[in-house]
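Each remark here refers to the structure printed beneath this line.
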Number of protein chains: 2
Amino acid sequence: MTYETALAVLGDPTRRQVFERLRGGPCPVHAIAAGMTVSRPAVSQHLKVLKDAGLVEERSEGVRRIYSLRREGLAELRDWLDSFWDDALLAFKIEAERTHWQIKRTRDGNE
Amino acid sequence: MTYETALAVLGDPTRRQVFERLRGGPCPVHAIAAGMTVSRPAVSQHLKVLKDAGLVEERSEGVRRIYSLRREGLAELRDWLDSFWDDALLAFKIEAERTHWQIKRTRDGNE
DNA sequence: CCGTTTCGTAAGTCATGACTTACCGTAAGT
DNA sequence: ACTTACGGTAAGTCATGACTTACGAAACGG
């Protein structure tokens with residue numbers, strides 16, 4: 001989805017914990033909940049939010065629902081982050097063209 | 001600071017709006033609030049949170065407080081995001097352990 | 001000086017959403 | 001068929017935090 005959604009969804013610590021739990025690989029719900037302090041329904045609810053945000057995908061295996069990470073869901077967020085550094089480069093270039101001063105700066109911004 | 005903080009802080013839409021407003025360059029508080037629907041104190045409060053998270057920095061100019069973006073505050077979050085792809089690469093590498101592939105994702109900006 | 005601009009903080013309100021327990025359907029084992 | 005494991009959904013509670021207005025302090029202009 002959008003980077004806004006990803007940020008809002010991953011902003012919650014518990015939900016992030018669920019998300020990171022899946023870095024180890026696909027996992028059924030009860031196994032995710034086992035390592036956490038909150039109840040299993042709470043985990044289910046977080047998984048639904050994560051799924052709606054495209055950060056996680058679900059597959060059925062009998063009575064189990066196996067959830068796994070969906071890294072593409074993070075792509076927009078990553079691009080958004082990168083664009084901030086593009087901003088810095090752009091501003092740097094404009095500034096360099098506008099003024100002929102010698103510029104000694106760090107890569108991150110003004111000082 | 002940590003990527004957890006960055007995610008929690010940027011999770012709020014209004015706060016993100018304040019943050020993105022600063023992409024255009026340093027800005028005093030009243031000017032930020034001018035383009036928004038919420039009150040000026042609300043903006044101040046968001047700026048405080050952003051500053052505590054290291055995402056923004058403040059400088060005084062007379063009676064004005066000029067806020068500007070602090071891109072380093074995003075670095076940890078970006079690294080965290082990248083690490084997800086590292087996960088994928090690692091798993092892939094293990095999978096293809098017999099063939100000696102060189103996989104590389106290029107990105108500038110690393111200090 | 002005195003009024004204005006700028007901004008942070010205090011105090012209080014209110015909605016959102018993260019939990020809980022309870023319940024239901026479904027699949028599998030015996 | 002009965003029992004158990006698994007997990008989604010409903011309903012209700014409760015705390016967090018995002019707002020508001022009101023106020024005080026600091027710099028500046030007239």
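First the proteins, then the strands, lettered A, B, ... as listed; each starts at 1. The structure presented is a predicted model; accordingly, all values stated were derived computationally and were not measured.
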**Prompt:** Is the phosphate of D/dG17, meaning OP1 or OP2, less than 4.0 Å from a side-chain N or O of B/His46?
**Reply:** no
**Complete:** By nearest-nucleotide position on DNA chain C, the 5'-leaning member of A/Thr14 and A/Arg40 is A/Thr14
**Asked** Should A/Arg16 and A/Asp12 count as an ion pair when the cut-off is N to O under 4.0 Å?
**Response** no
**Request:** Provide, to the nearest angstrom, the distance between the CZ atom belonging to B/Arg65 and the P atom belonging to D/dA25.
**Result:** 14 Å
**Request:** To the nearest Å, give me how far apart NZ (B/Lys48) and C1' (D/dA18) are.
**Result:** 15 Å
**Message:** Need to verify one output field. Residue with the more 5' nearest nucleotide on DNA chain D, A/Tyr67 or B/Pro41?
**Reply:** A/Tyr67
**Request:** Could you pick out which residue, B/Gln45 or B/His30, lies toward the 5' side of DNA chain C when each is mapped onto its nearest nucleotide?
**Result:** B/His30
**Prompt:** Could one point to a donor on the side chain of B/Arg15 or the base of D/dG17 with an acceptor on the other under 3.5 Å away?
**Reply:** no
**Prompt:** Does D/dT20 have OP1 or OP2 sitting under 4.0 Å from an N or O in the side chain of B/Ser39?
**Reply:** yes
**Prompt:** Roughly how many Å is it from CZ in B/Arg64 to P in C/dT6, rounded to a whole number?
**Reply:** 6 Å
**Prompt:** Do B/Phe19 and B/Tyr67 have ring centroids that are under 6.0 Å from one another?
**Reply:** no
**Request:** Grab the CG-P distance between A/Asp52 and D/dG8 for me, whole Å please.
**Result:** 12 Å
**Complete:** Whole-Å distance, A/Glu61 CD to D/dG7 P, equals 11 Å
**Request:** Mind calculating the distance between CZ (B/Arg59) and P (C/dC7) to the nearest angstrom?
**Result:** 12 Å
**Request:** State which residue, out of B/Glu58, B/His46, B/Glu57, fulfils the side-chain hydrogen bond (donor to acceptor under 3.5 Å, both in side chains) condition with B/Lys51.
**Result:** B/Glu58
